Amino acid sequence: MPQIIDGKAISGAIKDELKEKVEEMKAEGIRICLAVVQVGNDPASSVYVGNKKKACAYIGIDSLSYELPEETTQEELLDLIGELNAKKEVNGILVQLPLPDHIDEDTVIRAIDPKKDVDGFHPQNVGALCIGQPGFVSCTPSGIIQLLKRSGIEIAGKECVVIGRSNIVGKPMALLLLRENATVTVAHSKTKNLREVAKRADILVVAVGKPKMITREYVKEGAVVIDVGIHRNEDKKMCGDVDYDDVAPVCSAITPVPGGVGPMTIAMLMNNCVASASMK
Ligand code: NDP
């Protein structure tokens with residue numbers, strides 16, 4: 001049986017470490033505050049926002065909540081971001097995505113002060129990652145690096161294949177693996193012979209957004225498989241982009257869904273919030 005990479009336990013350990021750090025910071029008079037902005041009331045976004053606020057409360061980070069109506073204009077949202085950028089007591093700003101269609105996400109992301117961009121989506125932070133300089137890193141891929149390291153899985157020198165090239169998962173994932181000295185291939189919807197490409201991987205990271213697409217035909221015997229996908233099937237059961245039951249017997253380690261990558265995203269967001277307090 002493969003090693004089951006326990007994202008729940010690892011994210012719990014990270015949150016406990018951060019909680020201790022925040023207590024020490026509070027003793028020195030440093031408070032951390034995250035502003036969370038949601039536009040509209042998409043139920044999935046409301047769950048994510050609720051979980052982020054809960055994690056803040058657990059760790060000891062103050063959170064400010066802005067729940068704006070669906071018809072909020074882009075100008076109104078940009079004005080609020082301007083106010084939050086100027087507020088000294090706010091260390092981090094998180095605008096929950098997706099935004100309603102009449103608001104341009106890129107414009108909103110660029111409006112956030114890069115020093116408060118705890119999601120790591122601002123082009124300045126993405127550029128810093130690209131050239132190996134300090135900055136905020138997108139939470140899901142940085143959580144995956146933590147999962148690998150804390151599970152004792154060596155990255156340096158490994159063949160890593162990332163399936164998916166989105167700005168929030170695939171691309172930063174590839175850059176982070178490169179930073180860890182892996183040999184990285186990025187595959188996407190135009191990749192030819194995806195099965196053969198995926199089979200080269202010692203570490204296969206799957207972020208395609210297609211339920212159970214990756215079966216054992218894509219996986220080399222003994223590979224480590226990281227499943228970023230989150231889906232709910234007809235009977236409301238969660239699954240990932242990887243067909244877990246089919247793949248688990250052939251790999252050496254695998255992340256389950258739920259309980260793998262998912263919990264790490266919030267833990268790394270909290271990590272970025274704590275880091276933001278020293279980035280003024
Ligand atoms: P996107 O839809 O933005 O990107 C999907 C990527 O997969 C694209 O680069 C696309 O290629 C590629 N792709 C799609 N179909 C195929 C195919 N048949 N063969 C090869 N490549 C393909 O998704 P995200 O990166 O935002 O998210 C991916 C998954 O991860 C989703 O299930 C999402 O819900 C989940 N997710 C989970 C998070 C967590 O906290 N666990 C956080 C963020 C996302 P192309 O560029 O050519 O179109």
Side-chain angles (χ1 to χ4, degrees), residues 5-12 14-15 42-52 54-55 94-99 105-106 109 118-121 126 129 136-148 160-177 184-201 204-215 217-219 225-233 236-244 247 254-272:
I5 300 176
D6 189 346
K8 223 171 152 193
I10 295 172
S11 67
I14 292 174
K15 283 194 263 183
D42 170 57
S45 291
S46 300
V47 171
Y48 291 135
V49 164
N51 288 341
K52 287 167 188 176
K54 242 191 260 167
L94 183 147
V95 178
Q96 184 63 43
L97 302 179
L99 290 166
E105 281 182 5
D106 275 348
I109 290 168
V118 284
D119 260 334
F121 295 164
V126 178
L129 172 63
F136 291 116
V137 178
S138 180
C139 301
T140 302
S142 61
I144 291 170
I145 296 291
Q146 284 300 312
L147 276 183
L148 292 169
C160 295
V161 176
V162 180
I163 311 183
R165 57 173 166 181
S166 70
N167 289 341
I168 60 167
V169 186
K171 281 183 197 144
M173 186 73 252
L175 289 167
L176 283 175
L177 289 166
V184 185
T185 303
V186 183
H188 46 78
S189 68
K190 307 287 186 294
T191 297
K192 292 210 170 81
N193 304 324
L194 182 64
R195 284 175 199 202
E196 284 95 288
V197 172
K199 265 200 150 157
R200 293 209 297 257
L204 179 65
V205 180
V206 186
V208 279
K210 301 258 165 24
K212 296 191 181 181
M213 179 182 137
I214 300 303
T215 54
E217 286 83 49
Y218 293 80
V219 179
V225 178
I226 305 291
D227 187 356
V228 186
I230 304 178
H231 311 277
R232 241 172 232 286
N233 65 16
K236 301 246 180 284
K237 250 186 104 190
M238 280 176 86
C239 73
D241 290 343
V242 174
D243 186 339
Y244 184 92
V247 168
I254 187 165
T255 56
V257 178
V261 174
M264 294 302 291
T265 301
I266 290 187
M268 298 318 286
L269 173 70
M270 296 297 110
N271 183 62
N272 282 353

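For ligands, and for the atoms within them, numbers begin at 1 and follow the listed sequence. Predicted, not measured: the structure shown is a model, and the values here were computed from it. Hydrogens, waters and symmetry mates play no part in the numbers below; they use all other heavy atoms, side chains included.
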Under 4.0 Å, heavy atoms only, figure out whether ligand 1 is touched by the backbone of T191, its side chain, both or neither. neither

Just let me know how V169 lines up against ligand 1, side chain, backbone, both or neither, with a heavy-atom cut-off below 4.0 Å. side chain

Please report which non-hydrogen protein atom sits nearest to [atom], along with the residue it belongs to and the distance in Å to one decimal place.
| atom | value |
| --- | --- |
| atom 48 (O) of ligand 1 | S189 OG, 3.6 Å |
| atom 13 (N) of ligand 1 | V208 CG1, 3.9 Å |
| atom 24 (P) of ligand 1 | S166 OG, 3.6 Å |
| atom 35 (C) of ligand 1 | V228 O, 3.4 Å |
| atom 8 (C) of ligand 1 | R165 N, 3.9 Å |
| atom 40 (O) of ligand 1 | T265 OG1, 2.7 Å |
| atom 31 (C) of ligand 1 | G209 CA, 3.6 Å |
| atom 34 (O) of ligand 1 | I230 O, 3.8 Å |

Near [X], which atoms of ligand 1 are under 4.0 Å from a heavy atom of that residue?
| X | result |
| --- | --- |
| V261 | 41 (N) |
| G229 | 29 (C), 30 (O), 32 (O), 35 (C) |
| G262 | 41 (N) |
| K210 | 14 (C), 15 (N) |
| G164 | 6 (C), 7 (O), 9 (O) |
| M213 | 17 (C), 18 (N), 19 (N) |
| H231 | 32 (O) |
| L194 | 19 (N), 20 (C) |

4.0 Å heavy-atom contact, M264 with ligand 1: no

Short question: side chain of [X], backbone of [Y] - any donor-acceptor pair under 3.5 Å?
| X | Y | result |
| --- | --- | --- |
| E217 | R195 | no |
| D227 | G229 | yes |
| D241 | M213 | no |
| D42 | S45 | yes |
| S166 | V169 | yes |
| S138 | I168 | yes |

Of the non-hydrogen atoms in [X] and [Y], which two are nearest, and what is the gap between them?
| X | Y | result |
| --- | --- | --- |
| K52 | M270 | O-CE, 3.9 Å |
| N272 | C139 | ND2-SG, 3.8 Å |
| D119 | V95 | OD2-O, 4.2 Å |
| L97 | F121 | CD1-CE1, 3.8 Å |

Could you check whether atom 2 (O) of ligand 1 has a protein contact, counting only heavy atoms that fall below 4.0 angstrom? no

Residues two or more places apart in sequence or in another chain: which of them pass side chain to side chain contact (heavy atoms under 4.5 Å, CB included) with D243? K212, T215, D245, D246

For K237 and N233, which I'm curious about, is there any donor-acceptor pair between the side chains at under 3.5 Å? no

